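Model, not experiment: these values are computed from the prediction. All values below come from the heavy atoms of this structure, side chains included, with hydrogens, waters and symmetry mates left out.
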Amino acid sequence: MKIAFLGDIALNDDYNILYHEDKKPFKEIGKFLSQHQYVVGNLECLSEGSYGENLLKKPRLKTKPETLNYLLDIGINVAQLAHNHVYDNLKDGFDRTS
């Protein structure tokens, strides 16, 4: 059995633009990772929510819900939500991510 473990995955900022432009920045790594039965990664940026951000915390990471589709291009089977960013976008952002 082949398992790939990926470090921090942050699909924020420019990745939102790339996704909107229908770019595929993970095409090559996706080919490589497709040779593994499981791909596990640590998701650092959760989806933005409708109710703003946790202003008590910095830095805050967020991405557009549709940009999380890049996880499919990478072939992620299991995504761990980074504990230090899990509430950056309040409960609504967490719910939209999971």
Side-chain angles (χ1 to χ4, degrees):
M1 176 181 300
K2 290 177 76 174
I3 302 173
F5 291 94
L6 306 179
D8 296 347
I9 302 167
L11 300 171
N12 51 319
D13 300 329
D14 289 343
Y15 288 107
N16 289 309
I17 296 167
L18 292 172
Y19 189 84
H20 179 70
E21 294 174 349
D22 201 30
K23 305 285 182 171
K24 300 290 184 183
F26 302 109
K27 184 176 179 181
E28 293 303 315
I29 191 69
K31 287 179 189 177
F32 172 75
L33 292 172
S34 71
Q35 301 170 29
H36 296 77
Q37 282 79 17
Y38 291 98
V39 179
V40 180
N42 184 48
L43 184 61
E44 287 284 323
C45 63
L46 277 66
S47 175
E48 62 186 10
S50 299
Y51 303 110
E53 300 174 352
N54 181 359
L55 300 179
L56 299 175
K57 183 191 169 297
K58 286 186 180 179
R60 296 178 300 272
L61 300 180
K62 67 179 178 181
T63 193
K64 303 235 178 257
E66 59 272 12
T67 305
L68 290 172
N69 287 323
Y70 274 144
L71 297 174
L72 300 173
D73 292 350
I74 299 170
I76 293 285
N77 302 95
V78 178
Q80 171 188 319
L81 304 180
H83 69 280
N84 58 325
H85 292 290
V86 76
Y87 202 64
D88 283 4
N89 304 297
L90 307 174
K91 184 178 183 313
D92 186 48
F94 176 81
D95 290 343
R96 288 177 181 223
T97 302
S98 53

Please walk me through it: do R96 and L46 pass side-chain contact (heavy atoms from CB on, under 4.5 Å)?
CA-CA 8 Å; R96 288 177 181 223; L46 277 66; over 6 Å; no

Against R60, only a single residue in E53, H85, E48 fulfils side chain to side chain donor-acceptor pair (under 3.5 Å); can you say which?
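Of E53, H85, E48, side chain to side chain donor-acceptor pair (under 3.5 Å) with R60 is met by E53 alone.
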
Could you see if M1 belongs to whatever hydrophobic cluster contains V39? Use Ile, Leu, Val, Met, Phe, Trp, Tyr and a side-chain cutoff under 4.5 Å.
no

If two hydrophobic side chains count as joined below 4.5 Å and joins carry through other members, does V78 share a cluster with I3?
yes

Pair N42, D8 - check side chain to side chain donor-acceptor pair (under 3.5 Å), show working.
CA-CA 5 Å; N42 184 48; D8 296 347; 2.7 Å; yes

Given 3.5 Å as the limit, does a donor-acceptor pair link the side chain of [X] with the main chain of [Y], or not?
{"X": "K57", "Y": "P59", "value": "yes"}
{"X": "Q37", "Y": "K2", "value": "yes"}
{"X": "N12", "Y": "T63", "value": "no"}
{"X": "N89", "Y": "L61", "value": "yes"}

Could you name each residue pair satisfying ring-ring contact (aromatic ring centres under 6.0 Å, His included) that touches residues 34-63, not counting sequence neighbours?
F32-H36

Restricting to non-hydrogen atoms, name the atom on [X] and the atom on [Y] that form the minimum distance, rounded to 0.1 Å.
{"X": "Y15", "Y": "T67", "answer": "O-CG2, 3.7 Å"}
{"X": "L33", "Y": "L6", "answer": "CD1-CD1, 4.0 Å"}
{"X": "E44", "Y": "N84", "answer": "OE1-OD1, 3.9 Å"}
{"X": "P25", "Y": "Y70", "answer": "CD-OH, 3.3 Å"}

Drop me the distance from [X]'s [atom1] to [Y]'s [atom2], to the nearest 0.5 angstrom.
{"X": "K62", "Y": "L11", "atom1": "NZ", "atom2": "CG", "answer": "15.0 Å"}
{"X": "D14", "Y": "E21", "atom1": "CG", "atom2": "CD", "answer": "9.5 Å"}
{"X": "C45", "Y": "K64", "atom1": "SG", "atom2": "NZ", "answer": "12.0 Å"}
{"X": "S47", "Y": "D95", "atom1": "OG", "atom2": "CG", "answer": "10.0 Å"}
{"X": "I74", "Y": "N69", "atom1": "CD1", "atom2": "CG", "answer": "11.0 Å"}

With side-chain contact (heavy atoms from CB on, under 4.5 Å) as the test, would you mind laying out the steps for D88 and N54 before giving the verdict?
CA-CA 5 Å; D88 283 4; N54 181 359; 5.5 Å; no

Salt bridge between K24 and D73, side-chain N to carboxylate O under 4.0 Å?
yes

Taking it one step at a time, do F26 and I9 satisfy side-chain contact (heavy atoms from CB on, under 4.5 Å)?
CA-CA 12 Å; F26 302 109; I9 302 167; over 6 Å; no

Side chain to side chain, I76 and L43, heavy atoms closer than 4.5 Å
no

